[in-house]
There are 4 protein chains.
Amino acid sequence: MSVRKVRVGVLGAAGTVGQRFIQMLEKHPWFEVVALAGSERQVGREYGEVVRWQLGEDPPEYARRMILQQSEPTLECEVVFSALPSDKAAHLESRFAEAGYKVFTNAGGHRMDSDVPLMVPYINPEHLGAIPCQQQNRGWKGFILTNPNCASIPLAMALKPLHERIGVVRVLVTTMQGVSGAGYPGVPSLDILGNIVPHIEGEERKVETEPLKMLGAWGGYTFEYAPIRISAQCHRAPVRDGHLVAASVEFSQPVAERDVLDAWLEWRPDILGMDLPSSAAHPLVYRTEPDRPQPAKDLMAEGGMGTVLGRLRPCPLLGWKFNALSHNTVLGAAGCSLLNAELYFAATEGTV
Amino acid sequence: MSVRKVRVGVLGAAGTVGQRFIQMLEKHPWFEVVALAGSERQVGREYGEVVRWQLGEDPPEYARRMILQQSEPTLECEVVFSALPSDKAAHLESRFAEAGYKVFTNAGGHRMDSDVPLMVPYINPEHLGAIPCQQQNRGWKGFILTNPNCASIPLAMALKPLHERIGVVRVLVTTMQGVSGAGYPGVPSLDILGNIVPHIEGEERKVETEPLKMLGAWGGYTFEYAPIRISAQCHRAPVRDGHLVAASVEFSQPVAERDVLDAWLEWRPDILGMDLPSSAAHPLVYRTEPDRPQPAKDLMAEGGMGTVLGRLRPCPLLGWKFNALSHNTVLGAAGCSLLNAELYFAATEGTV
Amino acid sequence: MSVRKVRVGVLGAAGTVGQRFIQMLEKHPWFEVVALAGSERQVGREYGEVVRWQLGEDPPEYARRMILQQSEPTLECEVVFSALPSDKAAHLESRFAEAGYKVFTNAGGHRMDSDVPLMVPYINPEHLGAIPCQQQNRGWKGFILTNPNCASIPLAMALKPLHERIGVVRVLVTTMQGVSGAGYPGVPSLDILGNIVPHIEGEERKVETEPLKMLGAWGGYTFEYAPIRISAQCHRAPVRDGHLVAASVEFSQPVAERDVLDAWLEWRPDILGMDLPSSAAHPLVYRTEPDRPQPAKDLMAEGGMGTVLGRLRPCPLLGWKFNALSHNTVLGAAGCSLLNAELYFAATEGTV
Amino acid sequence: MSVRKVRVGVLGAAGTVGQRFIQMLEKHPWFEVVALAGSERQVGREYGEVVRWQLGEDPPEYARRMILQQSEPTLECEVVFSALPSDKAAHLESRFAEAGYKVFTNAGGHRMDSDVPLMVPYINPEHLGAIPCQQQNRGWKGFILTNPNCASIPLAMALKPLHERIGVVRVLVTTMQGVSGAGYPGVPSLDILGNIVPHIEGEERKVETEPLKMLGAWGGYTFEYAPIRISAQCHRAPVRDGHLVAASVEFSQPVAERDVLDAWLEWRPDILGMDLPSSAAHPLVYRTEPDRPQPAKDLMAEGGMGTVLGRLRPCPLLGWKFNALSHNTVLGAAGCSLLNAELYFAATEGTV
């Protein structure tokens, strides 16, 4: 790694995902935050005044005095992390990429584009290969690299080793998602205290399609989706952080319990050898207790960058069923975007 | 209806289900509570002193001064409603039935017995037909009639009209269950505040088997189970009352959305014509909003004796998926047992 | 009561307090809802479409098809119940009163006006006497009659008999308030799940002053405030409905526990003899258990129109301390306004 | 500090406070856990099997394989940390002290003994002086040193600098306490979900008396209590961790806001110079936002070893009012006991 850190900016810095970026970038060994951008109303004010900080007491010291800038491709940095709301993000991110910025985004607008990687470094680091194609297609000097929806992640993480080693055909998944996934102010307390809401706008479509792209292959010209069929039912639950899913999986061949467990336990994603600063040491953790994973206990596994599995048992319909849990604003959002950036620099710029 | 009310007793009267019996039997037009039974420690004390009342301010006036008796077949009544813990219930209920009592029980011990009805009057009133056989088999003057586990009910209610009219083959169901289903003290608050627990002991087996008996037929000698395969994943959620389920259903033939909706909306269980005092007017309610049913809004539909459906949409795997909700201590426990008793008396003793 | 019902309208009908008005006015024996008013965006649409109903499954049948009108003094009714947000309410309510409407409002704008009653019928029905003065002062044909802030009510209810019979000098009160008091969307779930917020904008000032007006006297020209000093600390808690307060009271003379209890238990507000439709039979209920009142158990005492007291014990500083609880959207808002209207018609129009 | 670590044992190691000891003692620079003790039922089993771990995923590696021993003074260590339930603790702790153990206990049995320190090192380190007297009185080679009840701590912390610099006369305090304070299984979820319970057995007496001992002086023979009068009202709230208090304080002289703030902000407890491993750098933190402290945001201030203050404002009755928050199982229990031990060794054994 070179002595000079990469200069980065954060778009949508005051939102809940933006805050997680700010937090995870504190004292980052490779990246230095030099620009924060916010809404019109926030521009020109200090971050510490503007933000309604949700992650404990205070924003990190380094960010408090930074002045919020406009979300325009005039920020003096090489990388932007985007925590923009999806409706505003797509066009703006394109303008940044066109202007030469490396854009790592949590927003949904470009996730399913045919030349944009939808990437979790544990799962599909080879999708980085789409970037030159994207740049050529669009005439961009920069690029856009996306991470998936927070509810797609625990499922895709659980499926990756199973699909790679055994072959997954069909998946039925039910989610129970924490409220931080909706941002702030997000879910009104009257809607969720002592309640469960069986609906999150647009979420089921994402959970049914994003994993197919991630588990698929970059074909050199476009992505070949994995031939898996997923059906999702998404729920909001009175939990602060953490997305718990219950999944049933049909494999392409008969499998024993040991096969499934081994696929998970022996999985060693390529990036583990790269010593990326934000990577989990064990991206998948399997709990043997009968009542795990639980948000209250397993949320912070591997610093929030892991996915916790449990309760593997036969499914009389599809084959095997289990639960999985990821932290929706760490691995499920900012953490994944950050890991994407780390992988990019480690892979393409060698010694970073 | 005759002038004299049927004399009833309640076993396990101080527990959470027992309390619901006491509440629903207040001013009941057919039944008069004349005996309450409790644990050794409670015997001889006033109900109002012993009970830790969970259903609002106070137990009904009529019950407060009643003295708790031993759970022995010496109670001076014709009917007993059993809210006993399952481990103690099975043997004791047999002794009551042998001694001539009509036992309507919420406990699980006898649910799957080959000559004991597992009944929800909306669903399978014809299973009453097993009682004479049960009496003959066992040499009992009384009988035992059970109602299902609280989490089986919303699923079985949703499936009944679908199976009857269309034919159901396979079902995948995920439950999110309120804490009152575990009784009192039940779930420790440290386990459930801001958390979801993907495990309820023994629950999945019940949800996978009980509906098959209910949706099956009484064959004159034993029950023929419905040839449906169910896979369940059960979760405890930080909700006081109400069991919400997310289900996907495969039918025996292609069906359109209209077919499913019509099956639900046009279903008119036979017992609706009998004017049973505790019956819902509309046992199934379908909500058209995108985010219903929810425990906080739909729990008390039809006084807690209804089941609320919503979110019917195609399932890319099995056919159709939807949500269903029932009140777990009303229709899901005491209310169902009471409705069973009402049906029994209306059906067998004519004018009651 | 005459055969013709009084025609009433509801302003702010779609908000949380507006909904409670709609609910409590269903089948009201004296009042008939003939007009609903809403925001610009809502005008012209059906209530059932516009409202995000919070009080169970559905708005009452009678209201669903009603078309929302503008909040202008052109509504064809005699009475308006106002559930307007406070910032908009004050001026608009004056215009309604000027135009001849009888305005019963839950909004705060006029509560402390020197000729406007701030009334809870159990406490200070004689403040009705200010209305003629108000009309003369302002040249109005109609009038405005207000009810207190939801957090002032449990305290004022507890103090009334104590002040009347013994004399109260100083009160220290801490509140723990349910989220419905902030309306909808109101409190974001990220702010309150598993949390307590020691701040509610403007609330402490209201709790410190409103009871003084209510416990004071109408002097024929202006109100004489009760010479009590109150200090309040207000908190938002993760509770749906119900405002629980912990109070310590200093009396003007030495008192025994029995004196305090007797003052509460023997209190019989004058209006109890009037058979007002929405009145509690027992406006104050004292619980003797060591852990009451609690929102989960005592919220619906007297249909939500009562106040529940408990835990009276010596305060080593001030004299006596205790807890009190009221339902913040029933007695604490719409219910009080409705009871005010009932009292007004019973008192001034005799035969109602 | 010498090279050899002090050998310590933990009594009640599997309970919620015991778990916090285990967690905080991991990699402790001065102490090495060599013995864990549990109930009869647990003796002879591995800690990792016995414990129902509440503090995230897993107990620390070092503790998992340790075999639980009997709670008898045969443990091979010099120090015992006691997380025993109070009813069992008093006698047993005496036997340990008699046998020569240094007992640092969170249990309540000896807190108010006339020769036993009740100590928070930030507040009253000089109470260590009672130990020789205790040993002489009782003929013990070891000793007992206690820390206060979890709800006494935020109040005592807030009062210390005020009493020292200004003089406190009377305090009225209301608490809102997290459920972990009641241990496990502790508070049933049906009692606390969406509820507040205005009662915690024995708690008010503790909060009214313990601070007086802590803020008092060790007189060489017995403790002289601070001449302060406290009145407490204690509530259990649906919060996992954290005890929030609302307090009003009367001073012995007129004070300005600045005086109170300065007393807090300028307070520098003596022990800060000793570099104790578990000490907060800033034991008191004052937040200037209008809605702080909150459990969700301020719980982990200073790693849970700090107390967070906020909302200082005039109290029309007593003088000044404010909120304070501490973590009830860190500073409020195990953390305080551990800090007591650190202080003891640093103060008495010099080089530790």
Side-chain angles (χ1 to χ4, degrees), chain B residues 12 14-20 23 51-57 59 83 85 150 176-201 234-244 294-297 299-300 327-330 332-334, chain D residues 12 14-20 23 51-59 83 85 150 176-201 235-244 294-297 299-300 327-330 332-334:
Chain B
T16 48
V17 173
Q19 291 179 31
R20 192 64 81 178
Q23 185 193 54
V51 73
R52 199 177 164 87
W53 190 252
Q54 302 288 338
L55 306 175
E57 303 155 83
C150 48
M176 289 148 279
Q177 307 182 215
V179 297
S180 63
Y184 185 88
V187 183
S189 53
L190 274 173
D191 281 348
I192 203 68
L193 272 175
N195 198 22
I196 294 181
V197 179
H199 180 62
I200 302 173
E201 187 62 37
C234 294
H235 302 76
R236 188 71 70 192
V239 167
R240 183 172 288 271
D241 295 307
H243 286 2
L244 179 69
Q294 298 173 16
K297 296 194 171 176
L299 185 67
M300 293 310 297
H327 193 306
N328 57 297
T329 67
V330 182
Chain D
T16 48
V17 173
Q19 292 179 30
R20 191 64 82 178
Q23 186 194 55
V51 73
R52 199 176 164 86
W53 190 253
Q54 302 289 336
L55 305 176
E57 302 154 83
D58 285 301
C150 48
M176 289 149 280
Q177 306 181 216
V179 297
S180 63
Y184 185 87
V187 183
S189 53
L190 274 172
D191 282 348
I192 202 68
L193 272 175
N195 197 22
I196 294 180
V197 179
H199 180 64
I200 300 173
E201 187 62 38
H235 302 77
R236 188 70 70 190
V239 167
R240 184 172 287 270
D241 295 307
H243 286 1
L244 179 69
Q294 298 173 17
K297 297 194 172 175
L299 186 67
M300 292 311 296
H327 193 304
N328 56 297
T329 68
V330 183

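Labels below follow one simple rule: chain letters A, B, ... track the order of the sequence lines, proteins then strands, and each chain is numbered from 1.
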- B:Q177: partners by side chain to side chain donor-acceptor pair (under 3.5 Å), with sequence neighbours left out: B:T175, B:E203, B:H243
- B:A333 meets the side chain to side chain contact (heavy atoms under 4.5 Å, CB included) criterion, sequence neighbours left out, with B:V17, B:N106
- Return the set of residues passing side chain to side chain contact (heavy atoms under 4.5 Å, CB included) with B:Q23 (not counting sequence neighbours), or none when no residue passes. B:R20, B:W53, B:L55
- Do you know which of B:A182, B:G186, B:P185 has the most heavy-atom pairs under 4.5 Å to chain D? B:P185
- Message: Heavy atom to heavy atom, less than 4.5 Å: which residues from residues 188-196 of chain D reach chain B?
- Response: D:P188, D:S189, D:L190, D:D191, D:I192, D:L193, D:N195
